[in-house]
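The next block holds one structure in the form of structure tokens; read it before the comments.
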Amino acid sequence: GGKLMVFYSADSELARMMNLKLGAYASAANRGQWSSFAFSKPHEWLVPESVPQQSWNIRSVTPVAGRGEIIAEWRDAAGRPTGDPAWVFTDRGLWMTHILLGDNPQKKQEMLLGLLGRLEPSIWARPAWMMLQRAGQIDSFRSLEEAIGVIGTAARKNGRKKEAEALLAETMQHYREAIGLYEKSAFPAVVASCKKMRDCLTRAYSCAQTPAANEFRGVWDQYVTGFYAGNWAETCRLLKEGGMTAVFPNVAKGGITRCRGNILPMELKNGGDPFKEYIEHARADGLEVHAWIICWNLDTAPPEFVEQMKKEGRLIIGADGKPRPWLNPAHEANRSMMAAFIREVIRNYGPDGIHLDYIRYPDANGSYDPVSRQLFEKQMKITVGRWPRDVMDGGPLRKSWRKWRADNLTALITRLHDEIRAENPRVQFSAAVYGNWPDCAESIGQDWGSWLDRRLVDFVCPMNYTSKPGVFHALLKKQMDIENAERRIYPGIGVSATESQLPPDLVIEQIGTARELKAPGFMLYQLDEVLADDVLPVLRLGTTRAL
């Protein structure tokens, strides 16, 4: 008599018990083949019309005739129906043709509540009560009364009284509606009214913010195709209207590149030059373009490239003596390849900046390879008797080894800085870094405090990904106090990061913290549906409004 909610099962017997017929496994032919799923009757199911999710494969199912229906279908990156079922409902429950990923948690929560509430209506009472109890608790406000008071005062000070008060009045209207509906036990309607209330309050909160002048506002973009695939003009318009000043497209990762050149194989082979078009459209909208390069991580590299690096002895070696999918930062061939690729990007495209990511070791272990051993012994003027035991945890040379790794990476940063300056002194040099300096210098060899001190980089972007305001404040305060850091720290805000996943009000709060601590700008991770649909439209109401 119960119901099941099944995700991506390959069990044909389970499918039969659910009154479904299991279909074949299918893998995406290209990124964006399955980018979202749209519900055919969202108002009946009380779910969002569309839920973004970049899925890489599915296993289709179809309902037995008369025993179920397809309630949601996959859409591609352009929003076109694919004909592939995403969610199927039968008299035995619900079945999704892929796993439920962690992106866009707000919409996923709303969707799951609607689906579960359909199977068991009594579920609605608890979230309705909780949402009323938490009314007004955006940012760090403890109550609706406090939020309205602070927002109203701030709006009067910055000349946005009329706009903010209209939104606050709408907030109170939805709140009163929610209370009345709760008294009638109309719990699904209570949830809907509370969501509208929160949205209005968040918009009023942004409206009351005073935007900062001459602030750097960057966005990491994992794909050179832009948010609207192949439509760079629309992507750049979205960023400009959202108040952003710079975009960081990922031009290289895992042994492949997304721009034209001779150093690395190109991932996109459609005859175009997407990075060039991206730069042209960005500059037309006054946006800076920084080439984002992932340095050593080969998790997504073509297998043949990884095998080639393995044969050439260019991978790091773990404590177990086995190669790992990570280029050895100490190997001269790897360092020269990176330097050559950067020179090529600058010559071919003239970006505003070069931005390095994963400029580190994967962890505290490795690389215990012959090249690193030889360099370590030569530079330290010693012979390691028990390799690698003496440089591992508990070994007598552990501290020396960890320091050597950090110094080795700093030497590479110095070399790249000099080469970039020689190639084009106007190109900015920056890096995405771990936030816990100086600890990360020992753990992963990333001594970015010294990079700033020695002016080897123009700025760094500590990835301060957290949903806890106090943690974000403490991290950034410690970073801004680094000697000679001056105004060269742009904190990374994890809008869609696995560690944080922030609703718009918390993004606003962290931007406010950055301004309070005198950071000259910030970076948002990343250009996706959450940023485009939920965050930027709210920020531009006040937080990043044009002055």
Side-chain angles (χ1 to χ4, degrees), residues 222 250-259 261-267 291-346 354-376 378-379 387-388 391 401-402 404-420 429-434 440-448 451 456-457 463:
Q222 287 220 45
N250 180 217
V251 300
K253 62 182 295 187
I256 53 176
T257 180
R258 290 158 175 160
C259 56
N262 299 313
I263 307 301
L264 292 173
M266 189 174 183
E267 181 182 43
W292 172 19
I293 299 169
I294 293 178
C295 298
W296 312 118
N297 189 344
L298 299 182
D299 283 342
T300 59
E304 58 273 15
F305 182 83
V306 178
E307 186 61 30
Q308 178 187 345
M309 297 298 101
K310 180 180 177 181
K311 288 181 179 178
E312 295 178 11
R314 292 168 60 176
L315 302 181
I316 68 169
I317 302 297
D320 59 0
K322 296 179 181 179
R324 298 171 63 183
W326 196 283
L327 289 171
N328 182 0
H331 200 295
E332 177 55 33
N334 296 333
R335 296 158 80 96
S336 294
M337 180 175 67
M338 179 183 293
F341 178 74
I342 290 173
R343 289 195 303 271
E344 186 176 64
V345 170
I346 294 174
I354 295 293
H355 180 70
L356 302 185
D357 197 357
Y358 285 77
I359 182 68
R360 58 179 176 84
Y361 285 85
D363 49 40
N365 295 314
S367 172
Y368 307 120
D369 61 279
V371 171
S372 295
R373 177 182 184 177
Q374 182 182 17
L375 290 171
F376 175 67
K378 180 179 179 181
Q379 292 171 21
W387 181 267
V391 298
W401 168 250
R402 297 275 180 89
W404 175 82
R405 294 198 317 168
D407 291 345
N408 181 56
L409 277 174
T410 298
L412 174 60
I413 289 291
T414 304
R415 169 181 172 177
L416 296 177
H417 165 273
D418 294 345
E419 294 206 16
I420 289 171
F429 185 33
S430 65
V433 296
Y434 274 30
C440 60
E442 178 173 333
S443 62
I444 56 172
Q446 198 173 69
D447 191 10
W448 58 265
W451 305 350
L456 301 176
V457 291
M463 297 174 287

### Task
Apply the test side chain to side chain contact (heavy atoms under 4.5 Å, CB included) to residues L409 and D447: give CA-CA distance (whole Å), side-chain angles for both, the deciding distance (0.1 Å), then the verdict.
CA-CA 8 Å; L409 277 174; D447 191 10; over 6 Å; no
#### Entry: Residue pair V433, W451: steps toward the side chain to side chain contact (heavy atoms under 4.5 Å, CB included) verdict
CA-CA 11 Å; V433 296; W451 305 350; 4.2 Å; yes
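The closest donor-acceptor contact from the side chain of T257 to the backbone of P265 lies at 3.5 Å or more, if one exists at all. Side-chain N or O atoms of S367 include one that pairs as donor or acceptor with a backbone N or O of I317 at under 3.5 Å. Put simply, the side chain of W296 never gets that close to the backbone of P325: no donor and acceptor are under 3.5 Å apart. Under the 3.5 Å distance criterion, the side-chain polar atoms of N334 are matched with a main-chain donor or acceptor of R314.
Every salt bridge (Lys or Arg N to Asp or Glu O under 4.0 Å) that E419 has, sequence neighbours left out, goes to R343, R415. Taking the side chain to side chain donor-acceptor pair (under 3.5 Å) definition, one finds that E344 meets it with nothing, sequence neighbours left out.
With a 4.5 Å cut-off on side-chain heavy atoms, R258 and N250 count as touching.
Classification of the W401-W387 ring pair by plane angle, with boundaries at 30° and 60°, yields perpendicular.
The 12-atom threshold is not exceeded at CD of Q374, counting heavy atoms of other residues, nucleotides or ligands nearer than 6.0 Å. Heavy-atom contacts from other residues, nucleotides or ligands closer than 6.0 Å to CG of N262 number 12 or fewer.
Considering CD1 of I444 and CZ of R360, their distance stands at 5.0 Å, rounded to 0.5 Å. The CD1 atom of I354 sits 5.5 Å away from the CD1 atom of I420 when rounded to the nearest 0.5 Å. To the nearest 0.5 Å, the span separating CZ on R405 from CZ on F376 amounts to 11.0 Å. Rounding to the nearest 0.5 Å places CG of D369 at 4.5 Å from CG of N328. Here I359 contributes atom CD1 and L416 contributes atom CG; the two are 6.5 Å apart, rounded to the nearest 0.5 Å. To the nearest 0.5 angstrom, L412 atom CG is 8.0 Å from C295 atom SG.
Classification of D299 and R324 as a salt-bridged pair fails, no side-chain N sitting under 4.0 Å from a carboxylate O.
Summarising the geometry of Y434 relative to M463, their closest heavy-atom pair is CD1-CE, 3.8 Å, with the distance given to 0.1 Å. Closest heavy-atom contact between G254 and T300: CA-OG1, 4.2 Å. The minimum heavy-atom distance linking H331 with E312 is given by the pair NE2-O, 4.1 Å.
Side-chain contact of Q308 with E304: a donor-acceptor pair under 3.5 Å is absent, judged by distance alone. Side-chain atoms of D407 and T410 form no donor-acceptor pair, as typed in the model, at a separation below 3.5 Å. Remark: the N408 side chain and the R335 side chain contain an N/O donor-acceptor pair separated by less than 3.5 Å. Under the 3.5 Å distance criterion, with hydrogens and angles disregarded, no donor-acceptor pair is assigned to the side chains of W326 and N297.
Annotation: cation-pi geometry not satisfied between R373 and Y368 (NZ/CZ under 6.0 angstrom from ring centroid, within 45° of ring axis).
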